[in-house]
Number of protein chains: 2
Amino acid sequence: MTGARGRARGRRPGDTDTRAHILEAARELFAHDGYERASMRAIAARAQVDPALIVHYFGTKRDLLAACLRLPVDPQSLISEINSHPPEEHGEALVLSLVRLWDRPEYTQNFLAMLRAGANDDQARLQLQDTMKHSVQHAVAGLVDDRSTQRAALVMSQMSGLAMSRYFLCIPEIVAMSPEDLATAVGPAIQRYLWGDW
Amino acid sequence: MTGARGRARGRRPGDTDTRAHILEAARELFAHDGYERASMRAIAARAQVDPALIVHYFGTKRDLLAACLRLPVDPQSLISEINSHPPEEHGEALVLSLVRLWDRPEYTQNFLAMLRAGANDDQARLQLQDTMKHSVQHAVAGLVDDRSTQRAALVMSQMSGLAMSRYFLCIPEIVAMSPEDLATAVGPAIQRYLWGDW
DNA sequence: TCAGAAATTCAACAAGTGTTGAATGCTCGA
DNA sequence: TCGAGCATTCAACACTTGTTGAATTTCTGA
């Protein structure tokens, strides 16, 4: 059961898109098992492929992880989404559109992969930090405060806690809430971090 | 360099407290490297002990992890701390005392160990969830709302995000803030989750 | 003083790891 | 139709891992 043992040696007939299959399998396993426990052999088995093929396409295991974490975040749509609201609704708008985005399976998976891998890998941890920063940056772009970076950091702390609770810890009450529910519940807290005085 | 190679075989002379040394070394390595990468041999080396001694004291590696995560949380002092404030200050009080507690090295370490291990281990993840729940429970004990469990969950989400940002992601702006700063910044958000209408 | 219990190390095992180099089959352009 | 290049597998290497059983030393209580 190791790799693609048994399959005929050499190139397979017909059109194949094995590279993509490998990436998909790796994403799933990294997200589900973390970096260490997702072995090359297990990934290869899930992709129905020999482990050596992974090396051939992606190089070392860490390179494969890096390739998995590369996800087109498309923040442009987020910017316009948020800026179509008046400033006093930025908090709710951010929560709503971010949760909607994160709820998409490929983003949930990406978040879990970054977290599970980032737990043991500094590079992945920094990437998680960076992704969070980017996701939030559009909402704080209008701030000219002298405390704007602190405001951004507080927004990040609330949003990363939300992600943590909803996708990693899976706290039932948080999981049960719809994006809209979360927006009305959490939005004002964000709003206060953005514009409030304290 | 494997274990305590070179040290004389057999019982060491004098009083020893090797068991505690092992636990300490294991805590540090689990927190720093996560479960998988903190090998028995590495833990043994740090405790200047043979790997077999760990097995002798704690059993399997997972048992060792469980022993490491067992930490006397002493929530009693927290209860009295929070209840000594009027209800309208519960938010700030919770943030203040919880951050002060978590800032103590052994608790920071424990949190990181649960997170890094919990990333790959369901049992540790549940324990992290449980710890968070307990930490917050005292603040929501007075609630008789029909949404009290949801309120508690939202408080958890903000607090776990705070912990994440301060101890794991190490976001500079959050790290730089004192417990008091955080209490005045984050407290009102908690307060709103506790008593607010939405 | 002596026996038993406790503490500690050693050497080894079986299984699993990432990675490599060579071999084989397929496809496509000249 | 042939040959170059790509896709794919195989077998192996050199390590690392958690765990075990036996050997050795020290301590403790009678």
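Source: prediction; values computed, not measured. The sequence lines fix the lettering, A, B, ..., with proteins before strands; numbering per chain opens at 1. Atom set for the values below is all heavy atoms of this structure, side chains included, hydrogens, waters and symmetry mates excluded.
For A52(A), whose side chain is taken as the heavy atoms from C-beta onward, the closest listed nucleotide among dC10(D), dT19(C), dT9(C) is dC10(D). The side chain of V55(A) approaches dT20(C) more closely than any other nucleotide in the set dT20(C), dC10(C), dG18(C). Distances were taken from every side-chain heavy atom of R41(B) (C-beta onward) to each of dA7(C), dC10(C), dA12(C); the shortest belongs to dA12(C). Closest contact between the side chain of H56(B) and the listed nucleotides dC10(C), dG18(C), dA7(C) involves dA7(C).
Here dC13(C) presents its P atom at 20 Å from CE of M40(B), a figure rounded to the nearest Å. Taking atom CZ of R9(B) as the reference point, atom P of dC10(C) lies 7 Å away to the nearest angstrom. Look at CZ on F58(A): it is 12 Å from P on dA7(D), rounded to the nearest Å. Whole-Å rounding puts the K61(B) NZ to dT16(D) C1' distance at 11 Å. Put simply, CD1 on I54(A) is 15 Å from C1' on dT20(C), counting in whole angstrom units. Taking atom CG of residue L53(B) and atom P of nucleotide dA23(D), one finds them 19 Å apart after rounding to whole Å. Rounded to an integer number of Å, the gap from CG of D17(B) to C1' of dA7(C) is 13 Å. Note: CG (D50(B)) to P (dT19(D)) measures 14 Å, nearest angstrom.
The shortest distance between the side-chain N/O atoms of Y57(A) and the OP1/OP2 oxygens of dT8(D) is below 4.0 Å. When the side-chain nitrogen and oxygen atoms of T16(B) are compared with OP1 and OP2 of dT8(C), one or more of them lie within a distance under 4.0 Å. Put simply, T18(A) has a side-chain N or O that comes within less than 4.0 Å of OP1 or OP2 on dT8(D). The phosphate of dT19(D) (OP1 or OP2) has a side-chain N or O of T60(B) nearer than 4.0 angstrom.
Heavy atoms only, all atoms of each residue included: L69(B) and A113(B) are closest at CD2-CB, 3.9 Å. A pairwise comparison of heavy atoms in Q129(A) and M156(A) identifies O-CE, 3.8 Å as the closest pair.
P188(A) has its side chain within reach of R192(B): a pair of non-hydrogen atoms, C-beta onward, lies under 4.5 Å apart.
E106(A) CD: more than 12 foreign heavy atoms inside a 6.0 Å radius. Within a 6.0 Å sphere centred on CD of Q123(B), heavy atoms belonging to other residues, nucleotides or ligands number 12 at most.
Residues forming a side chain to side chain donor-acceptor pair (under 3.5 Å) with D33(B) (at least two apart in sequence, or on another chain): none.
For residues 17-49 of chain B, the ring pair (Phe, Tyr, Trp, His ring centres under 6.0 Å) pairs, not counting sequence neighbours, are F30(B)-Y35(B).
Non-hydrogen atoms lying under 4.0 Å from DNA chain C are contributed by nothing in residues 19-26 of chain B.
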